[in-house]
J.: 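I'd like to ask you about the structure that follows.
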Amino acid sequence: MNGTFKLLLASVALCAAVSPGGLWAESGGVAPGVVDAYVKGTWKTPAEGWQARIDQDETQRICSLSRNQPSKADFAAILAREKASVVMPADGNVLGKWEDGEKVAQIGTGGQFSDSATGPRGGNCYACHQMARRELSYGTLGPSLEDYGKIRKFAAAEATATYTKIYNAQSILPCSNMPRFGHNKFLSEQQIKDVTAYLFDPASPVNK
Amino acid sequence: MHTLKYVCWSVLLWVGSATMATSQTADATEKEIERYRAMISDPMANPAFLNVDRGEALWVLARGSKNVSLQTCDLGEGPGKVEGAYAKLPHYFKDADKVLDLEQRLLWCMEKVQGLDIKDVIKRRFSGPGVVSDMEDLVAYVAQKSSGEKFSVSLSHPKEQEAYAVGEAMFFRRSAVMDFSCATCHSEDGKRIRLQGLPNLSKSGNAAQDTMGSWPTYRVSQSQMRTMQHRLWDCYRQMRMPAPDYASDGLTALTLYLTKNADGGNILVPSIKR
(Lines give C-alpha, C1' and ligand atoms only; values in the text may rest on other atoms or scores of the structure.)
Protein backbone atom coordinates (compact mmCIF):
# COMPACT_ATOMS: atom_id res chain seq x y z
CA MET A 1 0.00 0.00 0.00
CA ASN A 2 1.50 3.34 -0.93
CA GLY A 3 1.41 6.39 1.30
CA THR A 4 -1.12 8.38 -0.68
CA PHE A 5 -3.59 5.53 -0.68
CA LYS A 6 -3.20 5.09 3.08
CA LEU A 7 -3.85 8.78 3.55
CA LEU A 8 -6.95 8.49 1.40
CA LEU A 9 -8.21 5.53 3.43
CA ALA A 10 -7.56 7.39 6.64
CA SER A 11 -9.46 10.46 5.51
CA VAL A 12 -12.41 8.34 4.37
CA ALA A 13 -12.47 6.74 7.81
CA LEU A 14 -12.26 10.16 9.43
CA CYS A 15 -15.13 11.50 7.34
CA ALA A 16 -17.23 8.45 8.24
CA ALA A 17 -16.43 9.03 11.91
CA VAL A 18 -17.41 12.71 11.94
CA SER A 19 -20.56 12.41 9.85
CA PRO A 20 -23.17 12.04 12.61
CA GLY A 21 -24.64 8.55 12.77
CA GLY A 22 -23.58 7.81 9.22
CA LEU A 23 -26.31 10.20 8.06
CA TRP A 24 -24.53 10.92 4.81
CA ALA A 25 -24.84 7.30 3.73
CA GLU A 26 -28.50 7.34 4.71
CA SER A 27 -29.12 10.37 2.51
CA GLY A 28 -28.47 8.18 -0.53
CA GLY A 29 -24.77 8.91 -0.77
CA VAL A 30 -25.16 12.52 -1.89
CA ALA A 31 -23.52 15.19 0.24
CA PRO A 32 -26.05 17.36 2.11
CA GLY A 33 -24.40 20.44 0.59
CA VAL A 34 -25.35 19.24 -2.91
CA VAL A 35 -28.98 18.82 -1.86
CA ASP A 36 -28.93 22.29 -0.29
CA ALA A 37 -27.71 23.75 -3.58
CA TYR A 38 -30.57 22.15 -5.51
CA VAL A 39 -33.06 23.34 -2.89
CA LYS A 40 -31.70 26.86 -3.22
CA GLY A 41 -32.11 26.65 -6.99
CA THR A 42 -35.70 25.45 -6.65
CA TRP A 43 -36.77 28.46 -4.56
CA LYS A 44 -34.52 31.22 -5.89
CA THR A 45 -36.50 34.25 -4.78
CA PRO A 46 -39.11 33.34 -2.17
CA ALA A 47 -41.51 36.09 -1.14
CA GLU A 48 -40.63 38.07 1.95
CA GLY A 49 -40.87 36.00 5.12
CA TRP A 50 -40.99 32.65 3.30
CA GLN A 51 -37.29 31.68 3.38
CA ALA A 52 -37.86 30.23 6.87
CA ARG A 53 -40.26 27.70 5.32
CA ILE A 54 -37.43 26.38 3.14
CA ASP A 55 -34.67 26.29 5.77
CA GLN A 56 -34.72 23.35 8.14
CA ASP A 57 -34.38 23.46 11.89
CA GLU A 58 -32.09 20.88 13.52
CA THR A 59 -34.95 18.48 14.24
CA GLN A 60 -36.24 18.56 10.66
CA ARG A 61 -32.70 18.07 9.41
CA ILE A 62 -32.01 14.98 11.53
CA CYS A 63 -35.45 13.45 10.83
CA SER A 64 -34.97 13.97 7.08
CA LEU A 65 -31.49 12.47 6.92
CA SER A 66 -32.43 9.50 9.11
CA ARG A 67 -35.80 9.01 7.37
CA ASN A 68 -37.54 9.47 10.73
CA GLN A 69 -35.36 6.77 12.35
CA PRO A 70 -32.97 8.86 14.46
CA SER A 71 -30.04 7.20 16.21
CA LYS A 72 -30.37 6.68 19.96
CA ALA A 73 -28.32 9.80 20.65
CA ASP A 74 -30.29 11.93 18.18
CA PHE A 75 -33.58 10.59 19.56
CA ALA A 76 -32.59 11.73 23.05
CA ALA A 77 -31.35 15.09 21.78
CA ILE A 78 -34.58 15.80 19.87
CA LEU A 79 -36.71 14.74 22.83
CA ALA A 80 -34.83 17.06 25.18
CA ARG A 81 -34.88 20.00 22.76
CA GLU A 82 -38.55 19.70 21.79
CA LYS A 83 -39.67 19.14 25.40
CA ALA A 84 -37.83 22.26 26.52
CA SER A 85 -39.63 24.37 23.93
CA VAL A 86 -43.20 23.47 24.95
CA VAL A 87 -45.14 26.44 26.35
CA MET A 88 -48.11 25.49 28.51
CA PRO A 89 -51.08 27.89 28.90
CA ALA A 90 -50.30 30.58 31.47
CA ASP A 91 -53.57 29.96 33.35
CA GLY A 92 -52.87 26.23 33.62
CA ASN A 93 -56.14 25.36 31.86
CA VAL A 94 -55.65 23.16 28.79
CA LEU A 95 -59.33 22.83 27.89
CA GLY A 96 -61.15 25.34 25.68
CA LYS A 97 -64.47 25.02 23.85
CA TRP A 98 -64.98 21.73 22.01
CA GLU A 99 -67.34 23.42 19.51
CA ASP A 100 -64.49 25.68 18.39
CA GLY A 101 -62.12 22.71 18.53
CA GLU A 102 -64.28 20.91 15.98
CA LYS A 103 -63.55 23.75 13.54
CA VAL A 104 -59.82 23.42 14.21
CA ALA A 105 -60.08 19.71 13.46
CA GLN A 106 -62.10 20.23 10.26
CA ILE A 107 -60.43 23.24 8.64
CA GLY A 108 -57.64 22.34 6.24
CA THR A 109 -56.71 25.77 4.96
CA GLY A 110 -54.19 28.30 6.19
CA GLY A 111 -50.54 28.86 5.47
CA GLN A 112 -50.56 27.75 1.83
CA PHE A 113 -49.24 30.19 -0.76
CA SER A 114 -52.72 30.15 -2.27
CA ASP A 115 -54.40 31.08 1.05
CA SER A 116 -55.10 34.63 2.19
CA ALA A 117 -53.19 35.61 5.32
CA THR A 118 -56.43 36.46 7.12
CA GLY A 119 -58.50 33.47 5.98
CA PRO A 120 -59.52 30.52 8.16
CA ARG A 121 -56.69 28.39 9.56
CA GLY A 122 -57.07 24.98 11.12
CA GLY A 123 -55.13 21.91 12.19
CA ASN A 124 -56.74 19.65 9.56
CA CYS A 125 -56.72 16.82 12.12
CA TYR A 126 -59.31 14.94 10.05
CA ALA A 127 -56.80 14.72 7.19
CA CYS A 128 -54.97 12.13 9.29
CA HIS A 129 -57.25 11.00 12.14
CA GLN A 130 -60.65 9.46 12.69
CA MET A 131 -62.29 11.48 15.47
CA ALA A 132 -66.09 11.85 15.83
CA ARG A 133 -67.96 8.75 14.65
CA ARG A 134 -70.35 10.83 12.56
CA GLU A 135 -67.54 12.25 10.39
CA LEU A 136 -66.88 9.69 7.67
CA SER A 137 -64.35 11.74 5.73
CA TYR A 138 -61.18 11.07 7.70
CA GLY A 139 -57.65 10.08 6.76
CA THR A 140 -55.49 7.26 8.02
CA LEU A 141 -51.97 8.71 8.32
CA GLY A 142 -52.45 8.86 12.12
CA PRO A 143 -54.22 6.55 14.61
CA SER A 144 -57.98 6.78 15.28
CA LEU A 145 -58.81 9.22 18.08
CA GLU A 146 -62.39 8.00 18.51
CA ASP A 147 -63.52 8.05 22.19
CA TYR A 148 -60.16 9.62 23.03
CA GLY A 149 -61.19 11.29 26.31
CA LYS A 150 -63.60 8.54 27.32
CA ILE A 151 -60.89 5.87 27.01
CA ARG A 152 -58.67 8.05 29.21
CA LYS A 153 -61.47 8.50 31.78
CA PHE A 154 -61.37 12.27 31.12
CA ALA A 155 -58.39 12.45 33.50
CA ALA A 156 -56.84 15.93 33.90
CA ALA A 157 -53.28 14.62 33.58
CA GLU A 158 -54.21 12.92 30.29
CA ALA A 159 -55.68 16.16 28.95
CA THR A 160 -52.47 18.01 29.83
CA ALA A 161 -50.39 15.34 28.06
CA THR A 162 -52.63 15.68 25.00
CA TYR A 163 -52.24 19.47 24.93
CA THR A 164 -48.48 18.87 24.99
CA LYS A 165 -48.77 16.30 22.18
CA ILE A 166 -50.66 18.73 19.94
CA TYR A 167 -48.36 21.63 20.86
CA ASN A 168 -45.32 19.58 19.93
CA ALA A 169 -45.80 15.95 18.83
CA GLN A 170 -42.05 15.43 18.78
CA SER A 171 -41.64 16.34 22.44
CA ILE A 172 -43.22 12.91 22.98
CA LEU A 173 -42.16 11.01 19.85
CA PRO A 174 -39.10 12.34 17.99
CA CYS A 175 -39.55 12.42 14.19
CA SER A 176 -43.31 11.82 14.46
CA ASN A 177 -45.06 12.60 11.19
CA MET A 178 -47.54 14.79 13.04
CA PRO A 179 -46.96 18.55 12.66
CA ARG A 180 -45.68 20.51 15.71
CA PHE A 181 -48.67 22.84 15.74
CA GLY A 182 -47.74 25.07 18.69
CA HIS A 183 -43.98 24.93 18.28
CA ASN A 184 -44.24 26.02 14.64
CA LYS A 185 -46.75 28.74 15.62
CA PHE A 186 -49.24 27.28 13.18
CA LEU A 187 -52.09 27.11 15.72
CA SER A 188 -52.68 29.58 18.54
CA GLU A 189 -52.77 28.59 22.21
CA GLN A 190 -56.56 29.04 22.15
CA GLN A 191 -56.94 26.77 19.12
CA ILE A 192 -54.88 24.04 20.79
CA LYS A 193 -56.99 24.37 23.95
CA ASP A 194 -60.15 24.12 21.88
CA VAL A 195 -59.07 21.03 19.98
CA THR A 196 -57.88 19.41 23.24
CA ALA A 197 -61.43 20.01 24.54
CA TYR A 198 -62.77 18.42 21.33
CA LEU A 199 -60.90 15.26 22.40
CA PHE A 200 -61.61 15.54 26.14
CA ASP A 201 -65.03 17.12 26.69
CA PRO A 202 -67.58 14.42 27.61
CA ALA A 203 -70.12 16.37 25.50
CA SER A 204 -67.88 16.32 22.39
CA PRO A 205 -69.03 14.06 19.52
CA VAL A 206 -65.58 12.41 19.73
CA ASN A 207 -66.73 10.76 22.97
CA LYS A 208 -70.31 10.01 21.95
CA MET B 1 -63.42 16.45 -35.00
CA HIS B 2 -61.66 16.96 -31.69
CA THR B 3 -63.26 20.35 -31.28
CA LEU B 4 -66.70 18.85 -31.54
CA LYS B 5 -65.82 16.17 -29.01
CA TYR B 6 -64.48 18.91 -26.78
CA VAL B 7 -67.80 20.71 -26.80
CA CYS B 8 -69.57 17.48 -25.86
CA TRP B 9 -67.07 17.03 -23.10
CA SER B 10 -67.45 20.51 -21.71
CA VAL B 11 -71.20 20.03 -21.43
CA LEU B 12 -70.74 16.62 -19.88
CA LEU B 13 -68.20 17.89 -17.41
CA TRP B 14 -70.37 20.84 -16.54
CA VAL B 15 -73.28 18.51 -15.77
CA GLY B 16 -70.84 16.20 -14.05
CA SER B 17 -69.37 18.82 -11.77
CA ALA B 18 -72.83 20.12 -10.89
CA THR B 19 -73.72 16.57 -9.89
CA MET B 20 -70.51 16.32 -7.88
CA ALA B 21 -71.19 19.55 -6.05
CA THR B 22 -74.60 18.46 -4.89
CA SER B 23 -73.83 14.84 -4.12
CA GLN B 24 -73.98 14.40 -0.39
CA THR B 25 -71.86 11.32 0.00
CA ALA B 26 -68.30 10.50 -0.91
CA ASP B 27 -69.73 7.37 -2.51
CA ALA B 28 -71.46 9.34 -5.21
CA THR B 29 -68.23 11.21 -5.89
CA GLU B 30 -66.36 7.94 -6.20
CA LYS B 31 -68.97 6.74 -8.72
CA GLU B 32 -68.50 9.92 -10.72
CA ILE B 33 -64.76 9.37 -10.75
CA GLU B 34 -65.31 5.80 -11.91
CA ARG B 35 -67.48 7.14 -14.71
CA TYR B 36 -64.70 9.50 -15.82
CA ARG B 37 -62.18 6.67 -15.61
CA ALA B 38 -64.35 4.55 -17.87
CA MET B 39 -64.45 7.38 -20.38
CA ILE B 40 -60.70 7.49 -20.73
CA SER B 41 -60.82 4.09 -22.38
CA ASP B 42 -62.05 6.14 -25.33
CA PRO B 43 -59.02 8.40 -25.82
CA MET B 44 -60.79 10.51 -28.43
CA ALA B 45 -63.34 11.57 -25.80
CA ASN B 46 -60.69 12.97 -23.47
CA PRO B 47 -60.49 16.80 -23.66
CA ALA B 48 -56.70 16.63 -23.22
CA PHE B 49 -56.52 15.47 -26.84
CA LEU B 50 -57.31 19.05 -27.74
CA ASN B 51 -53.99 19.89 -26.03
CA VAL B 52 -52.31 17.13 -28.04
CA ASP B 53 -53.61 18.69 -31.28
CA ARG B 54 -52.53 22.19 -30.27
CA GLY B 55 -49.16 20.81 -29.16
CA GLU B 56 -48.60 19.20 -32.52
CA ALA B 57 -49.41 22.46 -34.29
CA LEU B 58 -46.94 24.29 -32.01
CA TRP B 59 -44.27 21.66 -32.65
CA VAL B 60 -44.30 22.36 -36.39
CA LEU B 61 -44.83 26.13 -36.10
CA ALA B 62 -41.86 28.27 -37.17
CA ARG B 63 -41.27 31.03 -34.60
CA GLY B 64 -38.61 32.79 -32.57
CA SER B 65 -35.80 34.99 -33.87
CA LYS B 66 -34.63 32.09 -36.05
CA ASN B 67 -38.14 31.50 -37.38
CA VAL B 68 -37.85 27.72 -37.28
CA SER B 69 -40.04 25.00 -35.82
CA LEU B 70 -39.15 22.59 -33.02
CA GLN B 71 -38.81 19.80 -35.57
CA THR B 72 -35.03 19.71 -35.17
CA CYS B 73 -35.26 19.69 -31.36
CA ASP B 74 -33.49 16.63 -29.96
CA LEU B 75 -35.53 15.16 -27.12
CA GLY B 76 -32.93 12.45 -26.67
CA GLU B 77 -33.87 10.13 -29.50
CA GLY B 78 -32.28 12.28 -32.20
CA PRO B 79 -33.32 15.59 -33.80
CA GLY B 80 -37.05 15.78 -34.38
CA LYS B 81 -37.78 12.28 -33.13
CA VAL B 82 -40.72 12.47 -30.76
CA GLU B 83 -41.81 8.83 -30.58
CA GLY B 84 -40.69 7.15 -27.37
CA ALA B 85 -38.78 10.18 -26.07
CA TYR B 86 -40.97 10.82 -23.04
CA ALA B 87 -40.46 7.26 -21.76
CA LYS B 88 -36.76 8.02 -21.22
CA LEU B 89 -37.02 11.44 -19.58
CA PRO B 90 -35.58 13.00 -17.51
CA HIS B 91 -32.07 12.21 -18.71
CA TYR B 92 -28.64 13.72 -19.35
CA PHE B 93 -28.19 15.93 -22.43
CA LYS B 94 -24.65 16.49 -23.58
CA ASP B 95 -25.32 19.83 -25.31
CA ALA B 96 -26.79 21.32 -22.14
CA ASP B 97 -24.45 19.28 -19.88
CA LYS B 98 -27.42 18.76 -17.57
CA VAL B 99 -30.15 16.33 -16.67
CA LEU B 100 -33.40 17.76 -18.07
CA ASP B 101 -37.03 16.77 -17.82
CA LEU B 102 -39.34 17.22 -20.81
CA GLU B 103 -40.37 20.73 -19.83
CA GLN B 104 -36.81 21.92 -19.29
CA ARG B 105 -35.79 20.35 -22.61
CA LEU B 106 -38.61 22.04 -24.49
CA LEU B 107 -37.61 25.40 -23.01
CA TRP B 108 -33.99 24.69 -23.95
CA CYS B 109 -34.99 24.00 -27.56
CA MET B 110 -37.21 27.08 -27.71
CA GLU B 111 -34.25 29.21 -26.65
CA LYS B 112 -31.41 27.52 -28.52
CA VAL B 113 -33.15 26.18 -31.61
CA GLN B 114 -35.84 28.80 -32.16
CA GLY B 115 -34.37 31.82 -30.41
CA LEU B 116 -37.72 32.29 -28.72
CA ASP B 117 -38.22 34.60 -25.74
CA ILE B 118 -39.29 32.05 -23.11
CA LYS B 119 -40.33 34.62 -20.50
CA ASP B 120 -43.83 34.78 -21.94
CA VAL B 121 -43.98 31.00 -22.31
CA ILE B 122 -43.02 30.55 -18.65
CA LYS B 123 -45.57 33.16 -17.60
CA ARG B 124 -48.25 31.02 -19.24
CA ARG B 125 -46.84 27.72 -17.87
CA PHE B 126 -50.13 26.75 -16.22
CA SER B 127 -53.34 27.27 -18.15
CA GLY B 128 -56.38 28.92 -16.59
CA PRO B 129 -59.41 30.94 -17.58
CA GLY B 130 -58.26 32.85 -20.67
CA VAL B 131 -54.72 31.50 -20.46
CA VAL B 132 -53.52 28.87 -22.92
CA SER B 133 -50.26 27.15 -22.00
CA ASP B 134 -47.81 26.27 -24.78
CA MET B 135 -45.97 24.05 -22.34
CA GLU B 136 -49.02 21.99 -21.39
CA ASP B 137 -49.91 21.59 -25.06
CA LEU B 138 -46.39 20.57 -26.09
CA VAL B 139 -46.05 18.15 -23.18
CA ALA B 140 -49.40 16.58 -24.09
CA TYR B 141 -48.24 16.11 -27.67
CA VAL B 142 -44.78 14.75 -26.88
CA ALA B 143 -45.90 12.49 -24.01
CA GLN B 144 -48.75 11.07 -26.07
CA LYS B 145 -46.13 9.88 -28.57
CA SER B 146 -44.88 7.53 -25.81
CA SER B 147 -48.33 6.26 -24.91
CA GLY B 148 -48.27 2.47 -24.93
CA GLU B 149 -44.56 2.38 -24.16
CA LYS B 150 -42.86 1.63 -20.85
CA PHE B 151 -40.77 3.96 -18.68
CA SER B 152 -37.07 3.26 -18.92
CA VAL B 153 -34.90 6.05 -17.51
CA SER B 154 -31.14 5.83 -17.41
CA LEU B 155 -28.90 6.24 -14.36
CA SER B 156 -25.68 5.63 -16.24
CA HIS B 157 -24.32 9.18 -16.37
CA PRO B 158 -22.86 10.58 -13.10
CA LYS B 159 -25.15 13.61 -13.39
CA GLU B 160 -28.14 11.30 -13.64
CA GLN B 161 -26.93 9.49 -10.54
CA GLU B 162 -26.56 12.81 -8.74
CA ALA B 163 -30.02 13.98 -9.78
CA TYR B 164 -31.57 10.70 -8.65
CA ALA B 165 -29.85 10.85 -5.25
CA VAL B 166 -30.87 14.50 -4.80
CA GLY B 167 -34.44 13.66 -5.84
CA GLU B 168 -34.54 10.93 -3.23
CA ALA B 169 -33.15 13.25 -0.55
CA MET B 170 -35.71 15.93 -1.48
CA PHE B 171 -38.50 13.34 -1.27
CA PHE B 172 -37.59 12.75 2.37
CA ARG B 173 -36.75 16.39 3.19
CA ARG B 174 -39.00 17.78 5.92
CA SER B 175 -39.56 21.52 6.20
CA ALA B 176 -42.00 24.39 6.74
CA VAL B 177 -44.71 24.93 9.34
CA MET B 178 -46.23 21.46 8.99
CA ASP B 179 -42.90 19.56 9.09
CA PHE B 180 -44.03 17.72 5.93
CA SER B 181 -41.95 15.90 3.35
CA CYS B 182 -43.27 14.02 0.32
CA ALA B 183 -42.70 10.88 2.40
CA THR B 184 -45.21 12.07 5.03
CA CYS B 185 -47.98 11.40 2.53
CA HIS B 186 -46.44 9.01 0.00
CA SER B 187 -44.30 6.41 1.80
CA GLU B 188 -46.80 3.84 3.05
CA ASP B 189 -49.22 1.58 1.21
CA GLY B 190 -52.98 2.04 1.54
CA LYS B 191 -52.97 5.38 3.36
CA ARG B 192 -55.30 8.26 2.64
CA ILE B 193 -55.86 11.94 3.45
CA ARG B 194 -59.53 12.43 4.22
CA LEU B 195 -60.96 10.08 1.56
CA GLN B 196 -58.22 10.73 -0.98
CA GLY B 197 -56.03 7.69 -1.59
CA LEU B 198 -52.27 8.35 -1.45
CA PRO B 199 -49.94 6.41 -3.76
CA ASN B 200 -46.78 5.06 -2.12
CA LEU B 201 -44.15 6.67 -4.34
CA SER B 202 -41.15 5.81 -2.14
CA LYS B 203 -40.45 2.45 -3.75
CA SER B 204 -40.58 0.72 -7.12
CA GLY B 205 -43.80 -0.97 -8.01
CA ASN B 206 -47.38 -0.62 -9.16
CA ALA B 207 -48.26 2.51 -7.23
CA ALA B 208 -45.39 4.53 -8.69
CA GLN B 209 -45.93 2.99 -12.14
CA ASP B 210 -49.67 3.68 -12.26
CA THR B 211 -49.13 7.21 -10.97
CA MET B 212 -46.28 8.30 -13.21
CA GLY B 213 -47.70 6.47 -16.23
CA SER B 214 -50.86 8.58 -15.98
CA TRP B 215 -49.23 12.04 -16.24
CA PRO B 216 -49.81 14.41 -18.01
CA THR B 217 -53.50 14.22 -17.21
CA TYR B 218 -56.75 16.09 -17.70
CA ARG B 219 -57.84 17.24 -14.21
CA VAL B 220 -61.63 17.27 -14.14
CA SER B 221 -61.61 19.35 -10.93
CA GLN B 222 -59.54 22.03 -12.67
CA SER B 223 -60.92 21.62 -16.21
CA GLN B 224 -57.34 21.71 -17.51
CA MET B 225 -54.64 19.39 -18.72
CA ARG B 226 -51.81 19.31 -16.18
CA THR B 227 -48.19 18.17 -16.21
CA MET B 228 -45.94 16.74 -13.50
CA GLN B 229 -44.51 20.23 -12.91
CA HIS B 230 -47.99 21.35 -11.87
CA ARG B 231 -48.55 18.29 -9.65
CA LEU B 232 -45.32 18.94 -7.74
CA TRP B 233 -46.19 22.65 -7.47
CA ASP B 234 -49.54 21.62 -5.96
CA CYS B 235 -47.97 19.16 -3.50
CA TYR B 236 -45.48 21.81 -2.31
CA ARG B 237 -48.48 24.10 -1.82
CA GLN B 238 -50.05 21.51 0.47
CA MET B 239 -46.71 21.26 2.26
CA ARG B 240 -46.94 25.00 3.04
CA MET B 241 -43.77 25.59 1.09
CA PRO B 242 -43.36 28.58 -1.24
CA ALA B 243 -44.16 27.87 -4.90
CA PRO B 244 -41.18 26.03 -6.40
CA ASP B 245 -39.57 27.59 -9.48
CA TYR B 246 -40.95 26.17 -12.71
CA ALA B 247 -38.57 23.86 -14.57
CA SER B 248 -35.95 24.05 -11.80
CA ASP B 249 -33.32 21.36 -11.36
CA GLY B 250 -34.76 20.30 -7.99
CA LEU B 251 -38.12 19.43 -9.56
CA THR B 252 -36.33 17.51 -12.30
CA ALA B 253 -34.35 15.59 -9.67
CA LEU B 254 -37.61 14.68 -7.90
CA THR B 255 -39.19 13.68 -11.20
CA LEU B 256 -36.23 11.46 -12.05
CA TYR B 257 -36.50 9.76 -8.65
CA LEU B 258 -40.25 9.20 -9.12
CA THR B 259 -39.86 8.03 -12.73
CA LYS B 260 -37.09 5.58 -11.78
CA ASN B 261 -39.46 4.11 -9.18
CA ALA B 262 -41.96 3.75 -12.02
CA ASP B 263 -39.47 1.92 -14.25
CA GLY B 264 -41.14 -0.61 -16.53
CA GLY B 265 -44.55 0.95 -15.96
CA ASN B 266 -46.98 1.47 -18.83
CA ILE B 267 -47.49 4.99 -20.10
CA LEU B 268 -51.11 5.74 -20.95
CA VAL B 269 -51.41 9.45 -21.56
CA PRO B 270 -52.91 11.94 -21.51
CA SER B 271 -55.10 10.35 -18.86
CA ILE B 272 -58.03 11.87 -17.03
CA LYS B 273 -58.36 12.29 -13.29
CA ARG B 274 -60.40 13.89 -10.56
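Residue numbers begin at 1 in each chain, while the letters A, B, ... track the order of the sequences. The shown structure was predicted, so the numbers you read here are calculated from the model rather than taken from an experiment.
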J.: Under 4.0 Å between a side-chain nitrogen and a carboxylate oxygen: does that hold for R124(B) and D120(B)?
T.: yes
J.: Check whether Q51(A) gets within reach of chain B through its side chain, its backbone, both or neither, counting any heavy atom under 4.5 Å.
T.: neither
J.: Quick one: what part of Y138(A) sits under 4.5 Å from any heavy atom of chain B, side chain, backbone, both or neither?
T.: both
J.: Looking at A253(B), A243(B), P242(B), which has the largest count of heavy-atom pairs under 4.5 Å with chain A?
T.: P242(B)
J.: For chain A, which residues from residues 174-194 of chain B have at least one heavy atom closer than 4.5 Å to it?
T.: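 Residues of residues 174-194 of chain B touching chain A at under 4.5 Å: R174(B), S175(B), A176(B), V177(B), M178(B), D179(B), F180(B), T184(B), C185(B), G190(B), K191(B), R192(B), I193(B), R194(B).
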J.: Do you know which of S114(A), A37(A), C128(A) has the most heavy-atom pairs with chain B at a distance under 4.5 angstrom?
T.: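 Most heavy-atom pairs under 4.5 Å with chain B: S114(A).
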J.: Does K260(B) pair with E160(B) as a salt bridge, N-O distance under 4.0 Å?
T.: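 So K260(B) does not pair with E160(B) through a salt bridge.
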J.: So, do S202(B) and Y257(B) sit near enough that their side-chain heavy atoms are less than 4.5 Å apart?
T.: yes
J.: Is Q161(B) in contact with chain A via its backbone, its side chain, both, or neither, using a 4.5 Å heavy-atom distance?
T.: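 No part of it gets close to chain A.
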J.: Less than 4.5 Å to any heavy atom of chain B: does that hold for the side chain of Q130(A), its backbone, both, or neither?
T.: neither
J.: Need one label for A47(A): side chain, backbone, both or neither, based on atoms under 4.5 Å from any heavy atom in chain B.
T.: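 Neither; nothing under 4.5 Å.
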J.: Between T59(A) and chain B, with a heavy-atom cut-off of 4.5 Å, which part of the residue counts as in contact: side chain, backbone, both or neither?
T.: neither
J.: At a heavy-atom distance under 4.5 Å, which candidate from M170(B), R240(B), M239(B), Q196(B) has the highest pair count against chain A?
T.: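 Option with the greatest count: R240(B).
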J.: Taking the side chain as C-beta and beyond, is there a heavy-atom pair between Y126(A) and M131(A) under 4.5 Å?
T.: yes
J.: Are D57(A) and R81(A) within salt-bridge range, i.e. N to O under 4.0 Å?
T.: no
J.: Could you label the plane-to-plane angle of the F181(A) and F186(A) rings as parallel, tilted or perpendicular, counting under 30° as parallel and over 60° as perpendicular?
T.: tilted
J.: Looking at K159(B) and E162(B), is there a salt bridge between them, counting it only when a charged N and a carboxylate O are closer than 4.0 Å?
T.: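 Result for this pair is no, no salt bridge flagged.
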J.: Can D95(B) and R105(B) be counted as an ion pair, charged N to O under 4.0 angstrom?
T.: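 Result for this pair is yes, salt bridge flagged.
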J.: Identify whether the distance between the nearest side-chain nitrogen and carboxylate oxygen of D201(A) and K97(A) falls below 4.0 Å.
T.: no
J.: Would you say the ring centroid of W108(B) lies under 6.0 angstrom from that of F93(B)?
T.: no
